[in-house]
Amino acid sequence: NAGVTQTPKFQVLKTGQSMTLQCAQDMNHEYMSWYRQDPGMGLRLIHYSVGAGITDQGEVPNGYNVSRSTTEDFPLRLLSAAPSQTSVYFCASSYSRSGPNSPLHFGNGTRLTVT
Amino acid sequence: GDSVTQMEGPVTLSEEAFLTINCTYTATGYPSLFWYVQYPGEGLQLLLKATKADDKGSNKGFEATYRKETTSFHLEKGSVQVSDSAVYFCALRGGSARQLTFGSGTQLTVLP
């Protein structure tokens, strides 16, 4: 019973490098999302998806791309990493297309440091 | 836009003490309100929720009542345990929004 799986757990990047944070869920959830968590700021939504082939921007989308080619996977791409993207990233999913009214299931996070 | 304000932390209590974590919100319409908990090294988990005014959410001894007149959703527990040590997040979903708006989180430490 894996739930929401995020990889890697930790990552260090140099400014300008690119990388993809992986997120997979095995609960057949339609809604998936990416948040970043920064001290004193709670969680802020980066991008979300209400189903395969459908994505939309959240509160802080700049510098990030997403795609949703399957129901299970929702990768987050950093095209050119910046120190301001140092954060803890959480992927979350829920059953309903209406998203947050059904409980969000979170992965354990990816801690990213950009030097 | 929507916003959530939580009391500043950290909060340190002795075991069996009474806990209150304040949460107030600003939203248009009739939002749904949530408390999530984050244990060390883990993602967030839903603790409880309330979807309309005067609803009381409860779980694991925690309670919160949706007060529309004061735009509040304070979290309470009568007797905390060491295992309750975690970060607690208040959140709301407003109207037809497809996202949650989170507060900044409150770190709770319970000492034996």
Side-chain angles (χ1 to χ4, degrees), chain A residues 2-7 9-10 21 23-25 29-51 54-61 66 68 87-111, chain B residues 1-10 21-27 29-52 55 57 59-60 66 73 75 86-107:
Chain A
V4 178
T5 302
Q6 288 184 238
T7 56
K9 288 185 172 22
F10 302 94
L21 278 62
C23 175
Q25 52 89 11
H29 284 174
E30 294 199 67
Y31 179 92
M32 296 186 74
S33 56
W34 277 101
Y35 286 86
R36 60 178 289 173
Q37 183 180 25
D38 300 295
M41 300 188 74
L43 280 79
R44 293 180 293 169
L45 182 67
I46 304 171
H47 285 285
Y48 67 95
S49 167
V50 297
I54 306 169
T55 63
D56 207 346
Q57 296 182 351
E59 182 184 353
V60 288
V66 292
R68 185 92 180 273
S87 187
V88 181
Y89 292 84
F90 286 100
C91 179
S93 70
S94 70
Y95 176 74
S96 168
R97 266 179 171 250
S98 67
N101 254 357
S102 52
L104 280 176
H105 297 256
F106 281 81
N108 284 344
T110 295
R111 185 174 294 275
Chain B
D2 297 343
S3 67
V4 176
T5 302
Q6 284 183 239
M7 66 184 288
E8 294 280 332
I21 300 177
N22 290 338
C23 171
T24 58
Y25 67 89
T26 301
Y30 301 92
S32 297
L33 301 173
F34 306 84
W35 278 100
Y36 278 80
V37 59
Q38 184 181 26
Y39 298 103
E42 298 183 8
L44 281 71
Q45 305 171 25
L46 179 67
L47 181 59
L48 53 84
K49 70 176 183 180
T51 57
K52 61 183 188 297
D55 267 2
N59 187 25
K60 298 181 182 180
Y66 187 162
F73 192 54
L75 182 68
V87 182
Y88 292 82
F89 291 91
C90 186
L92 72 81
R93 176 187 180 244
S96 61
R98 287 178 165 175
Q99 65 187 63
L100 284 178
T101 299
F102 284 87
S104 58
T106 302
Q107 170 80 55

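Below, chains carry the letters A, B, ... as their sequence lines are ordered, and counting in each starts from 1.
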J.: For A/Leu43, which of B/Leu100, B/Leu44, B/Thr101 qualifies under side-chain contact (heavy atoms from CB on, under 4.5 Å)?
T.: B/Leu44
J.: Less than 4.5 Å to any heavy atom of chain B: does that hold for the side chain of A/Leu45, its backbone, both, or neither?
T.: side chain
J.: Search all heavy atoms of A/Asn108 against all heavy atoms of B/Gly43 and return the closest pair with its distance.
T.: OD1-N, 3.4 Å
J.: Atom CD in B/Gln45, atom CZ in A/Phe106: separation rounded to 0.5 Å?
T.: 10.5 Å
J.: Side chains of A/Leu104 and B/Tyr36: closer than 4.5 Å at any heavy-atom pair?
T.: yes
J.: Do you know the tightest heavy-atom contact between B/Gln38 and A/Phe90?
T.: NE2-CZ, 3.2 Å
J.: Identify which part of A/Gln37 has an atom lying under 4.5 Å from any heavy atom of chain B, answering side chain, backbone, both or neither.
T.: side chain
J.: Which atoms form the tightest heavy-atom contact between B/Ser104 and A/Gly40, and what is the distance?
T.: CB-O, 3.4 Å
J.: Count the heavy atoms of every other residue, nucleotide or ligand shown that sit under 6.0 Å from CD of B/Glu8, and state whether that count exceeds 12.
T.: no
